[in-house]
Student: 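Below is the structure I would like to discuss, written out as structure tokens.
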Number of protein chains: 2
Amino acid sequence: MRLLLIEDDQSLADGITTALRHAGYAVDHAELGVRGVALAQAARPDLVILDLGLPDIDGVEVLKQLRRRQFKSPVLILTARDDLASKIAGLDAGADDYLTKPFAVDELLARLRALERRVGGITTAELRIGDVVINTASHEVTCGGKAVKLSRREFALLRALAERPGLIQSREQLEEKLYSWGEEVSSNTVDVHIHNLRKKLYPELIRNIRGVGYKLENGQ
Amino acid sequence: MRLLLIEDDQSLADGITTALRHAGYAVDHAELGVRGVALAQAARPDLVILDLGLPDIDGVEVLKQLRRRQFKSPVLILTARDDLASKIAGLDAGADDYLTKPFAVDELLARLRALERRVGGITTAELRIGDVVINTASHEVTCGGKAVKLSRREFALLRALAERPGLIQSREQLEEKLYSWGEEVSSNTVDVHIHNLRKKLYPELIRNIRGVGYKLENGQ
DNA sequence: AGCCACTCTTAAGTTTGCCTTAATTCCCGC
DNA sequence: GCGGGAATTAAGGCAAACTTAAGAGTGGCT
């Protein structure tokens, strides 16, 4: 799951970024509105967090530009506690949710999950593939009822596959979902994580199509 | 993946077309707006690349006509660098992305992939020829309900044929669709794959026209 | 701050399965 | 029947995928 954060306050941005990365998101970060618009088009994030109080362009204007360019991913806006006017303007311009500063990171994470679900058309926080159950909120995974402990990357990978069961995704596509800009890997990392997932769950769960990519069996 | 290019500049169109073919797309090409609208309805492409500067109808008008006729596939528009007005008009008329000329082919390919991804779940990724069903997303093929395991090249070949049922395609044309630049083969590879496909599916599916090429029977 | 545990990335070695090649046979049209 | 395109077959080579292990990096705990 790829996410774009448009936020000028460096320390706040750092905090959010690390928290989100820990939660398994690939996070891109822009400090200015113009850069945010560019990044949104280049990186095609699944979610955007947009601070309305940017130093260059007004945040609402950034949002309008995005929507005008057919950018469809949900946008969550961050506003100051008392800035009701721009909050409303933001929602009118196509924001999907808002959060007033200051906020708890857990709250942010919860809202993001809700947004993901809303656009994915999914109603529960659980993904099921065969007898593997993935809880996207608690990051818990069970296989045949037994809890399985997955690391961050393993979880992100499994989830990326589970969101589109049956669909084949290439290594490159999967890497895009796991890694932010400047985090790119240059090895067979995906292979290794796939291997570890197969070991922790069961080998037949993830199938490889030689020369094409990986997919999850379309769970019965 | 089937694609329609509406572009009047012959040399540009040729360049784009070959690049796209090598990237695995089945490309139809129209030089005029009217013809583009007709082809879009006849060929049902999964993606459209539309140059806004056409000699007959205005490109934006083409797009409006398409959308008015319930044409749902994503459309990427090509504009001159400075023609901001028609770019915006294009987006408002239902374009999904744009690219300003001149552009690098890689950029175009990247955008197309992004568009595919965006609509990935929406477009039905199934081709049917008689009782052979080809799922391009999961690379699964069934023949009379039974799953058949195809290798990458076999799948690509079957897909190339199935995208144009009834049309005779020469070995050279098929090779072009299977191999990218610098991968050319110098033997009867296509023959062999055809043979294996016939064995795995059924012999009558693929017909040879002596001296011309191969075709799929126009599914009953 | 320092230590410990855990995870991630890299890279090398191994396995696997597919693709190409090419030789041979088949068959269609002349 | 003859020529040439098409079908068939089998094997070797090769690249993709798998496996393993080690070292770097990270975070957590005391």
Side-chain angles (χ1 to χ4, degrees), chain A residues 14-15 17-27 105 139 141 148-158 160-161 168-175 177-180 182-216, chain B residues 139 141 148-161 168-180 182-216:
Chain A
D14 284 350
T17 301
T18 51
L20 290 171
R21 294 223 169 121
H22 272 278
Y25 293 96
V27 183
V105 177
H139 278 210
V141 174
V148 178
K149 206 177 146 199
L150 297 187
S151 72
R152 177 163 61 113
R153 294 255 124 103
E154 286 163 3
F155 185 86
L157 182 54
L158 176 63
L161 287 165
I168 301 177
Q169 305 189 59
S170 69
R171 274 185 188 65
E172 293 71 35
Q173 287 177 315
L174 291 169
E175 276 175 12
K177 293 185 180 181
L178 297 199
Y179 300 98
S180 322
E183 262 199 317
E184 280 86 12
V185 289
S186 57
S187 73
N188 59 345
T189 323
V190 171
D191 295 38
V192 175
H193 287 309
I194 291 270
H195 176 241
N196 291 328
L197 276 174
R198 284 179 174 151
K199 216 159 51 178
K200 289 187 179 181
L201 301 163
Y202 54 94
E204 303 76 32
L205 180 70
I206 303 171
R207 241 190 79 193
N208 169 266
I209 314 296
R210 183 167 265 251
V212 187
Y214 294 94
K215 72 168 181 176
L216 246 54
Chain B
H139 268 228
V141 175
V148 178
K149 207 178 149 200
L150 297 187
S151 74
R152 175 162 63 126
R153 295 258 127 102
E154 287 163 3
F155 187 88
L157 183 54
L158 177 62
R159 179 182 180 169
L161 288 165
I168 303 174
Q169 305 189 60
S170 69
R171 274 185 186 66
E172 292 70 35
Q173 287 175 315
L174 291 170
E175 274 175 14
E176 252 183 52
K177 293 187 180 180
L178 297 202
Y179 302 98
S180 45
E183 256 201 314
E184 276 84 27
V185 289
S186 57
S187 74
N188 59 343
T189 321
V190 171
D191 296 38
V192 175
H193 288 310
I194 292 272
H195 175 242
N196 291 329
L197 276 175
R198 283 177 172 152
K199 214 158 55 178
K200 288 186 180 182
L201 301 163
Y202 54 93
E204 304 76 33
L205 180 70
I206 304 171
R207 229 184 94 195
N208 170 265
I209 314 298
R210 182 166 267 253
V212 187
Y214 295 94
K215 72 164 185 173
L216 244 54

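This is a predicted model, so every value here is computed, not measured. Throughout, a chain's letter reflects where its sequence line sits, starting with A, and its residues are numbered from 1. The analysis underlying the following values was restricted to heavy atoms, covering all of them including side chains, and did not include hydrogens, waters or symmetry mates.
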Student: Round to the nearest Å and state the distance from A/Y179 atom OH to C/dT7 atom C1'.
Tutor: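 Rounded to whole Å, this separation is 11 Å.
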
Student: CG of A/L158 versus P of C/dC8: gap in Å, rounded?
Tutor: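 A/L158 atom CG is separated from C/dC8 atom P by 13 Å.
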
Student: For B/L178 and B/R153, work out which heavy atoms get closest and say how close.
Tutor: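 Reported closest heavy-atom pair: O-NH2, 3.7 Å.
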
Student: What residues, two or more places apart in sequence or in another chain, satisfy salt bridge (charged side-chain N to carboxylate O under 4.0 Å, His left out) together with A/D14?
Tutor: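 With sequence neighbours excluded, A/D14 shows a salt bridge (charged side-chain N to carboxylate O under 4.0 Å, His left out) to no residue whatsoever.
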
Student: Please give, in whole Å, the distance from C/dC19 C1' to B/L157 CG?
Tutor: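 Taking atom C1' of C/dC19 as the reference, CG of B/L157 is at 13 Å.
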
Student: Counting the atoms with a prime plus P, OP1 and OP2 as sugar-phosphate, which does A/R21 contact under 4.0 Å by heavy atoms, base, sugar-phosphate, or nothing?
Tutor: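 Here A/R21 touches no strand at all.
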
Student: Give me the atom names and distance for the closest heavy-atom approach of A/G24 to A/A156.
Tutor: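 For A/G24 and A/A156, the tightest heavy-atom pair comes out as O-CB, 3.9 Å.
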
Student: Identify each donor-acceptor pair in which a side-chain atom of residues 197-204 of chain A lies under 3.5 Å from a protein atom, sequence neighbours left out, and give them as a table.
Tutor:
unit_1: A/R198; atom_1: NE; unit_2: A/I206; atom_2: O; d: 3.1
unit_1: A/R198; atom_1: NH2; unit_2: A/I206; atom_2: O; d: 3.0
unit_1: A/K200; atom_1: NZ; unit_2: A/K149; atom_2: O; d: 3.0
unit_1: A/K200; atom_1: NZ; unit_2: A/E154; atom_2: OE1; d: 2.8

Student: Please round to 10 degrees the angle between the axis of the first five pairs and the axis of the last five pairs in the helix from C/dA1-D/dT30 to C/dC30-D/dG1.
Tutor: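 Inter-axis angle at the termini of the helix from C/dA1-D/dT30 to C/dC30-D/dG1: 30°.
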
Student: Residues from residues 191-209 of chain A sitting under 4.0 Å of DNA chain C, heavy atoms only?
Tutor: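 Going residue by residue through residues 191-209 of chain A, the ones with a heavy atom under 4.0 Å of DNA chain C turn out to be A/V192, A/H193.
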
Student: On a heavy-atom basis, which atom in A/A160 and which in A/K177 lie closest, and how many Å separate them?
Tutor: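 Closest approach of A/A160 to A/K177, heavy atoms only: CB-CD, 3.9 Å.
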
Student: Check A/A19 against A/V105 and note the closest heavy-atom contact, atom names and distance.
Tutor: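 That would be CB-CG1, 3.5 Å.
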
Student: Go along nucleotides 25-30 of chain C 5' to 3' and tag each nucleotide: B for a protein heavy atom under 4.0 Å from its base, S when only backbone or sugar atoms are that close, - otherwise.
Tutor: --BB--

Student: Picking from A/L161, A/L158, A/N208, what satisfies side chain to side chain contact (heavy atoms under 4.5 Å, CB included) with A/I194?
Tutor: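 Of the listed residues A/L161, A/L158, A/N208, the side chain to side chain contact (heavy atoms under 4.5 Å, CB included) partner of A/I194 is A/L161.
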
Student: Who passes salt bridge (charged side-chain N to carboxylate O under 4.0 Å, His left out) against A/R210, sequence neighbours left out?
Tutor: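 In terms of salt bridge (charged side-chain N to carboxylate O under 4.0 Å, His left out), with neighbours along the sequence ignored, A/R210 is linked to no residue.
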
Student: Using only side-chain N and O atoms of A/S151, determine if any of them is under 4.0 Å from OP1 or OP2 of C/dC6.
Tutor: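 Indeed not, no polar side-chain atom of A/S151 lies that close.
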
Student: Mind checking side-chain hydrogen bond (donor to acceptor under 3.5 Å, both in side chains) for B/N196 and listing every partner two or more places apart, or none if nothing turns up?
Tutor: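 Testing B/N196 for side-chain hydrogen bond (donor to acceptor under 3.5 Å, both in side chains), a comparison that skips the adjacent residues, returns none.
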
Student: What contact category does A/Y214 fall into here, base, sugar-phosphate, or nothing, at under 4.0 angstrom with non-hydrogen atoms?
Tutor: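 Here A/Y214 touches the backbone only, sparing every base.
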
Student: Taking CD from B/E154 and P from C/dC18, how many angstroms apart are they, rounded to a whole number?
Tutor: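 Those two atoms, CD and P, are 8 Å apart.
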
Student: Whole angstroms only, please: what is the CZ-C1' distance between A/R152 and C/dC6?
Tutor: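 After rounding, the reported distance stands at 12 Å.
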
Student: Nearest whole Å is fine: how far is C/dT10 C1' from A/R153 CZ?
Tutor: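 Going from CZ in A/R153 over to C1' in C/dT10 covers 14 Å.
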
Student: On DNA chain D, reading 5' to 3', which nucleotide is the first and which the last to sit with an atom under 4.0 Å from a heavy atom of chain B, could you check?
Tutor: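 Both ends considered, the range comes out as D/dG4 to D/dT9.
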
Student: Where each residue is assigned the nucleotide of DNA chain C containing its nearest heavy atom, which of B/S187 and A/S187 is assigned the position nearer the 5′ end?
Tutor: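 It is A/S187 whose nearest nucleotide is closer to the 5' end.
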
Student: Could you list the residues that satisfy side-chain hydrogen bond (donor to acceptor under 3.5 Å, both in side chains) with A/Y179, not counting sequence neighbours?
Tutor: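 A/Y179 satisfies side-chain hydrogen bond (donor to acceptor under 3.5 Å, both in side chains) with no residue once adjacent residues are dropped.
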
Student: For residues B/F155 and B/V141, determine if any side-chain heavy atom of one lies less than 4.5 Å from a side-chain heavy atom of the other.
Tutor: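 When only atoms from C-beta onward are counted, B/V141 and B/F155 do touch, with a gap below 4.5 Å.
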
Student: For A/R21, check salt bridge (charged side-chain N to carboxylate O under 4.0 Å, His left out) against everything at least two apart and list the hits.
Tutor: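 Not a single residue meets the salt bridge (charged side-chain N to carboxylate O under 4.0 Å, His left out) criterion with A/R21.
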
Student: With sequence neighbours excluded, tell me which residues meet side chain to side chain contact (heavy atoms under 4.5 Å, CB included) with B/Q173.
Tutor: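 Listed in chain order: B/Q169, B/S170.
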
Student: Please list, chain by chain and in numerical order, all residues satisfying salt bridge (charged side-chain N to carboxylate O under 4.0 Å, His left out) with A/R152, sequence neighbours excluded.
Tutor: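 Testing A/R152 for salt bridge (charged side-chain N to carboxylate O under 4.0 Å, His left out), a comparison that skips the adjacent residues, returns none.
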
